[in-house]
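Just so we're on the same page: letters track the sequence lines, and every chain starts at 1.
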Amino acid sequence: MAGYNFNEIEKNWQQYWAQKATFKADNNSTQPKYYVLDMFPYPSGAGLHVGHPLGYIASDIVTRYKRHKGFNVLHPMGYDAFGLPAEQYAIQTGQHPAVTTEENIGRYREQLDKIGFSFDWSREVRTSDEAYYKWTQWIFIQLFNSWFNKSTGKASPISELIALFEASGNASIDAACDETKIFTAEEWKTYSEQDQHKILLNYRLAFLSEAMVNWCPELGTVLANDEVKDGVSERGGYPVERKLMTQWSLRISAYSERLLQGLDTLEWSDSIKEAQRNWIGKSEGTSLTFEAGDDSIEVFTTRPDTIFGVSFLTLAPEHELVNKLTTPDRKAAVDAYVTMAKNRSERERMADVKTISGEFTGAYAKHPFTGTPIPIWIGDYVLAGYGTGAVMAVPGHDSRDYAFAKHFNLPIIEVVSGGDLSIESYDAKEGVLVNSDFLNGLDVKSAIKTAIKKIEAEGLGKGKTNYRLRDAVFGRQRYWGEPIPMYSKDGIPYPVAEKDLPIALPEIDKFLPTETGEPPLARAKDWTYNGYPLETTTMPGWAGSSWYYLRYMDPHNDKELASEGAINYWQQVDLYIGGSEHAVGHLLYSRFWCKFLNDIGKVPFDEPFKKLVNQGMIQGTSCLVYRVSNEKKIVSAGLKNQYDTTAIHIDVNIVNNTIVDIEKLKEWRPSEFADADYELEDGKLICDNEVGKMSKRWHNVVNPDTICQQYGADTLRLYEMFLGPLQDAKPWSTQGIEGVLRFLRKAWRLFHNNTEENFQLSDEAATKAELKILHRTIKKATEDIDNFSFNTSVSAFMVCVNELQELKCNKREILEPFIVLLSPYAPHIAEELWKLCGHQESIAKATWPVFNPEHLIENEFNYPISFNGKVRFNLNFALDMDVKVVEQQVIANEQTQKYLEGNAPKKVIVVKGRIVNIVV
RNA sequence: GCCCGGGUGGUGGAAUCGGUAGACACGCAGGACUUAAAAUCCUGUGGCUUCACGGCUGUGCGGGUUCAAGUCCCGCCCCGGGUACCA
């Protein structure tokens with residue numbers, strides 16, 4: 001049958017595109033640019049499943065559409081090739097991660113090619129290539145050589161800071177830094193080189209410091225906060241504990257405010273922006289000092305208005321004053337509590353949120369206004385890492401303080417009216433202040449202002465903004481990552497000279513830590529630089545992915561990360577598509593690096609990704625058959641209740657719409673199924689479905705290759721778009737894929753006669769009806785791509801083909817523009833038909849058809865409205881126009897007539913020829 | 001707990017700025033073509049009711065605004081995702 005042979009067509013065109021380099025993007029073009037980026041994949045051993053291409057298909061549609069619209073489009077692809085799984089595999093098998101990574105990339109590429117994406121493969125990047133990570137290391141060194149000047153809100157060279165120190169010490173410098181003693185210029189000059197470097201480390205944007213980190217013993221490495229979920233590692237799900245370690249970190253907290261402000265300029269979904277806002281966690285409040293004998297305790301509060309409601313202070317168990325304040329009689333209890341709190345893992349602490357624990361230190365502080373003694377407690381609900389690690393407890397108006405007070409029987413004072421404190425605390429920022437001296441009678445908002453003023457006037461504290469965002473731990477005790485390009489001399493870290501980059505990953509005998517517990521790189525022979533020991537930790541997975549979008553602009557440049565010309569031409573990523581699981585990790589780090597590179601003059605923009613679209617996850621549908629317990633008997637799903645059965649997950653690829661192919665089942669696992677008895681329903685073995693993550697474990701992985709083989713890549717592409725809105729999560733199912741294939745066959749037959757043998761195209765002029773169909777589709781297809789509503793576009797194509805088929809339309813004037821509309825979705829069939837139409841060049845070079853609203857106005861539709869004014873017609877499209885009609889009559893139902901009585905209509909709304917609203 | 005989404009036929013999902021609810025597709029039922037099958041085409045398909053024309057009802061629940069509500073407002077219920085002692 002000489003019908004629509006998708007396998008052959010697709011193979012041919014994929015070859016053609018590769019040979020002709022059809023999709024190569026030019027860095028020197030006079031066309032306007034458009035940059036479409038996909039989140040590049042980590043090449044795992046499992047290969048691609050049908051969920052992976054979803055976002056790539058959407059981005060490819062936009063890419064091809066923009067090319068038709070005359071844009072020079074950059075649409076690259078690469079691999080996020082460093083990462084834990086390859087290393088874990090290496091530990092188990094001894095296979096070098098570079099080898100497995102290479103193999104996996106090969107498989108990915110093969111699978112991607114089959115779907116017919118229009119990537120410019122000449123720009124492929126891999127984060128594990130030396131030529132790539134040379135620049136990742138280079139950026140790290142720039143961070144090391146920079147400090148953040150709060151008064152300008154920007155990063156500046158560290159040399160500038162040294163000059164400032166030499167001129168006037170550090171007292172007047174407003175920098176993002178760790179706590180540093182104040183020194184004068186004279187004192188600075190007397191410091192040794194070593195001491196000076198130690199001080200500078202407090203200011204550098206990449207710095208070495210001793211800090212509490214998330215340590216994962218199972219993985220043998222530290223993790224950043226976003227790599228820890230529910231107290232276990234995101235990768236692997238291993239327990240994570242707190243540990244004090246000397247670590248490389250990046251001072252991302254310096255950029256908190258800019259990262260927050262920048263969100264307002266982005267076209268991202270509200271949920272992702274909100275997640276980032278929460279992660280940054282800005283809160284405005286005031287610091288306030290409580291005197292406790294010779295010591296003073298500083299607290300941070302967002303509710304200074306409740307100052308008269310303070311009935312105790314709570315310190316974090318790790319607070320530095322705990323030891324000093326504790327009275328001798330309380331010492332034993334407090335020490336025991338502190339030890340216990342320290343040893344609890346993050347996970348235990350989190351699982352235990354509801355248990356209230358704490359101890360009284362025996363000490364008292366003085367209330368700053370009333371002078372009343374206030375007991376000082378410790379409790380692990382106060383976090384050492386946030387604010388000052390101490391809180392003023394206002395049990396009446398903070399639920400955590402309330403719970404603590406109830407548990408230990410501490411006084412609860414009402415200072416804001418509106419709640420019932422016998423039941424719960426009243427946390428709302430509404431109500432009138434009571435029992436509060438000079439604040440009495442004020443509402444909460446003005447009370448906050450008045451309180452801050454008073455606190456500042458009396459020198460008790462000052463207005464302050466806190467951020468939840470912590471600095472990012474950057475060193476990993478792993479092998480398969482970028483070596484941190486630093487060496488150590490006299491205990492001080494120095495960067496490797498730029499001319500000596502990259503510091504290549506060394507070969508080592510085993511991918512494990514050394515016997516003394518040092519990271520794997522310590523196994524390398526002669527791991528030194530000019531005779532000094534090199535850093536043995538490597539960078540985290542997100543390092544390479546934080547700037548890869550820049551490398552695509554100029555991927556083979558060995559002089560810089562990308563040329564100024566290339567960056568200036570391509571600018572920001574116009575459209576970024578990927579999963580929402582990177583909401584606070586990758587997307588935040590990339591923004592941070594972009595802002596930094598902007599500060600040092602490397603990139604002319606402040607945000608990397610202008611528009612972001614998150615595709616939903618495609619879940620797996622697993623199939624369950626039932627085996628009768630203790631028997632070798634399989635029963636159909638409808639009969640399972642008649643027996644005592646166990647459910648078995650079987651391979652979804654041998655099931656067709658809940659009907660199991662028994663022969664294939666027997667082949668799949670002969671030992672289990674070949675000689676089993678089967679009890680069927682209507683001669684069929686029916687299985688149950690269950691929706692969950694697509695994974696090998698549930699035998700529910702569907703490969704795109706299989707679908708391409710069976711239905712064709714164009715059908716796969718259309719079907720994945722047709723499945724529902726791009727952003728929604730949806731379970732994979734092939735129910736309905738037939739309909740898409742049917743549609744493509746119909747489209748094919750528009751160009752071929754009924755026996756599907758001969759290609760026929762008529763040059764006859766199109767009729768009004770045909771033009772109407774076409775232009776309705778042009779309008780819809782154009783708008784839908786702009787709105788990311790790909791699923792409704794597919795429907796529109798189906799309607800279009802059905803209607804043209806009914807009219808037996810095979811006119812060039814209609815069909816040629818139609819294939820162009822279809823080509824972003826189904827590029828192979830479009831290319832084939834385009835060629836058959838007599839075109840020499842790829843359809844990619846064709847121009848997008850222009851919508852002409854004239855064709856949508858029906859002749860027989862005469863405006864039956866008696867007024868001069870603005871009418872909105874809601875036909876198959878929305879079109880506003882001013883009409884002046886002379887001979888008319890208003891057609892209205894009884895209700896409307898009544899409504900109209902005595903009023904001259906100003907606006908009439910007509911839907912498909914019917915008046916639906918008349919505005920008077 | 002808090003913050004985002006969302007709830008529409010047997011199923012996936014349409015419905016623009018408040019304007020014919022259920023586009024399109026799957027599935028199902030019936031029919032045509034065929035020796036037969038596949039493929040293709042046609043008809044029907046929210047529910048109730050009616051021989052039929054038609055009528056009534058219908059977008060998680062309860063109220064409200066409006067000539068008109070899936071859409072807007074108030075109060076609930078349920079589901080999905082994120083986040084968690086951040087003072």
Name the closest nucleotide to the [X] side chain, picking from [options].
X	options	value
A:Lys746	B:C41, B:A87, B:C26	B:C41
A:Phe722	B:G12, B:U40, B:A87	B:G12
A:Tyr381	B:A14, B:C85, B:C26	B:C85
A:Arg745	B:A39, B:C24, B:A87	B:A39

Identify whether any heavy atom of [X] sits under 4.0 Å from a base atom; if not, whether one sits that close to sugar-phosphate; answer base, sugar-phosphate or nothing.
X	answer
A:Asn466	nothing
A:Phe743	nothing
A:Arg277	nothing
A:Ser795	base
A:Glu424	nothing
A:Pro725	sugar-phosphate
A:Asn802	sugar-phosphate

Looking only at side-chain N and O atoms, does A:Gln805 come under 4.0 Å of OP1 or OP2 in B:C41?
-> yes
OP1, OP2 of B:U11 versus side-chain N and O of A:Ser733: anything below 4.0 Å?
-> no
A:Glu274 CD to B:C2 C1': how many Å, rounded?
-> 11 Å
Measure centre to centre between the rings of [X] and [Y], then say whether the value is under 6.0 Å.
X	Y	value
A:Phe722	A:Phe790	no
A:Phe6	A:Tyr4	yes
A:Tyr719	A:Trp732	yes

Relative to each other, are the rings of A:Trp377 and A:Phe404 parallel, tilted or perpendicular (30° and 60° limits)?
-> perpendicular
